[in-house]
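Everything below concerns the one structure shown next.
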Amino acid sequence: MKYAFPDNFWWGSASSALQTEGAREGETTWDYWFAREPNRFHNGVGPQQTSTFYQRWKTDIQLLKQLNHNSFRTSISWARLIPDGIGEVNPEAVDFYNQVIDELNEQGITPFMTLFHFDMPMAMQEIGGWENRDVVDAYARYAEICFELFGDRVLHWFTFNEPIVPVEGGYLYDFHYPNVVDFRRAATVAYHTVLAHAKAVQAYRAGHYAGEIGIVLNLTPSYPRSQNPADVKAAHIADLMFNRSFLDPVLRGEYPADLVALLKSYDQLPACKPEDGFLIAEGKIDLLGVNYYQPRRVKCRDSAVNPQAPFMPEWFFDSYEMPGRKMNPYRGWEIYEPGIYDILVNLRDNYGNPRCFISENGMGVENEQRFIENGQINDRYRIEFISEHLAWLHKGISEGCNCLGYHMWTFIDNWSWCNAYKNRYGFIQLDLETQQRTIKKSGEWFAATALNNSFEK
Ligand code: BG6
């Protein structure tokens, strides 16, 4: 069957500043944490060891071109642009991002820019990070500076990438700095992130810039084990906490009432000010980026919660290892392609069919060198992964979902948060020692698909 996509469909990939640039300037929480606990990072490899995009941006953009990308998302490093988070702008960073943006535009590759992709400047973390409302204002200033500097040539902005991840990682499950495990603090961080997002949107609207502004959310459809009301309720609560805590504010301009009621009943609501409601209502977006990797399978709890134990999301559900589910054995994540369709249908039916695109989808694989054939990684599994997801995406579009593009994670194998180079995701293989880049089979497949605006399967 031939899968043809609408005209002007966005074909591309995504990456982020910290994961690719190297030449770090302006310390982030990742630099700080790595210097103190390198053992928390796979093989002790930290965020300095990258594909050195800071030096190789020009030839890397040539490679993007070779892969027939018409769009590409990366992020600006707040810490590089404003090393202490609030003070002087670093002119070298301005030059760097100007060059990257101009070159992308010149090559016919539309730049999509994220303002915050997990890389909190350490100076901001030292004053409490997102727990401190002052950081919300510092971020809004940083966003405004970016719009002023680059807003004439960047027409697609994203305030945050996966804002729930630093909340989960840093304040619930101990996989990001500052390694806190405390639900109320997590709720405050999430809430302040929503306020920061809304302030950036406000500033963008006030500046009458030429483009559009959105956010990138990792949406994990929550599937209950069964239609038994207890399982359904468990899935609903997981959805409220992990998806709708950001999705509703940015698309509906308000929090889900049942999430607020639930947290209130357990005395877990963050402190808020009377004017916050207006601000959140102004944070409604023009464009939603959807990152989709895997669903969440849940069931009602098998055992009662110990009321003395600290409050956690898992008070309401257990994860469910569905028999027979397809897994990516390397990353340990489920592969469930129809999830991408379910997300789009949910957006269409329950959120007014917003302009959206798939901003990340991808497959991390360990020891990919073993798949080298004639000097090239023959990653059939990745082609299968992408084409199956695209087939479901195509179905969604043919049923009226407003999905405008597909970006793969990622362009060149890059450094991952804690996992470093354990799982490789790229269209292009990176030799970290020599910095040699070799296009994988999936890169060629994607280039042909993007060129034809279609593929056959
Ligand atoms: C997304 C992030 O969560 O998934 C990326 O936006 C990340 O930054 C990607 O690298 C893959 O996850 P991981 O943890 O395997 O790198």
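The analysis underlying the following values was restricted to heavy atoms, covering all of them including side chains, and did not include hydrogens, waters or symmetry mates. The chain is numbered in sequence order, starting from 1.
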Notebook entry, point to check: Does one side chain, of Tyr223 or Asp342, offer a donor that lies under 3.5 Å from an acceptor on the other?
Noted result: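 There is such a pair between these side chains.
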Margin query: Under 3.5 Å, is there a donor on one side chain and an acceptor on the other for Asp276 and Tyr191?
Written below: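 Yes - a donor-acceptor pair under 3.5 Å links their side chains.
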Next item on the list: Quick one: sort the Trp333 and Tyr293 rings into parallel, tilted or perpendicular, breaks at 30° and 60°.
Entry: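 Perpendicular: the ring planes of Trp333 and Tyr293 meet at over 60°.
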Next item on the list: Hey, can you tell me if Trp417 and Trp30 have their rings parallel, tilted or perpendicular (30° and 60° cut-offs)?
Entry: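 Rings of Trp417 and Trp30: tilted, as their planes differ by 30° to 60°.
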Taking all heavy atoms of [X] and all of [Y], pick out the closest pair and write down the distance.
X: Ser319; Y: Lys299; value: O-CE, 3.6 Å
X: Cys403; Y: Leu393; value: SG-CD1, 3.3 Å
X: Thr50; Y: Pro47; value: CG2-O, 3.3 Å
X: Met124; Y: Ala138; value: SD-CB, 3.7 Å
X: Ala200; Y: Ile213; value: O-CD1, 4.2 Å
X: Arg244; Y: Tyr351; value: NE-OH, 3.3 Å

Roughly how far apart are [X] [atom1] and [Y] [atom2], rounded to 0.5 Å?
X: His394; Y: Lys2; atom1: NE2; atom2: NZ; result: 10.0 Å
X: Asn70; Y: Ile109; atom1: CG; atom2: CD1; result: 8.5 Å
X: His407; Y: His69; atom1: NE2; atom2: NE2; result: 7.0 Å
X: Arg424; Y: Ile412; atom1: CZ; atom2: CD1; result: 11.5 Å
X: Glu162; Y: His117; atom1: CD; atom2: NE2; result: 6.0 Å
X: Asn353; Y: Arg355; atom1: CG; atom2: CZ; result: 11.5 Å

May I ask you to check whether over 12 heavy atoms, not counting those of [X], lie within 6.0 Å of atom [atom1]?
X: Asn367; atom1: CG; result: yes
X: Lys233; atom1: NZ; result: no
X: Phe278; atom1: CZ; result: no

Item checked: Worked check of side-chain hydrogen bond (donor to acceptor under 3.5 Å, both in side chains) between Gln376 and Lys440 -> CA-CA 6 Å; Gln376 180 188 42; Lys440 302 178 191 175; over 6 Å; no
Note to self: Quick test of your reading: applying ring-ring contact (aromatic ring centres under 6.0 Å, His included), list the pairs with at least one residue in residues 225-245, sequence neighbours left out, ordered by first then second residue.
What the structure shows: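 As it turns out, there is no ring-ring contact (aromatic ring centres under 6.0 Å, His included) pair with a partner in residues 225-245 once direct neighbours are skipped.
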Item checked: Option from Asn291, Leu217, Ile215, Asn161 for which side-chain contact (heavy atoms from CB on, under 4.5 Å) with Ser359 holds ->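 Answer to the side-chain contact (heavy atoms from CB on, under 4.5 Å) test with Ser359 among Asn291, Leu217, Ile215, Asn161: Asn291.
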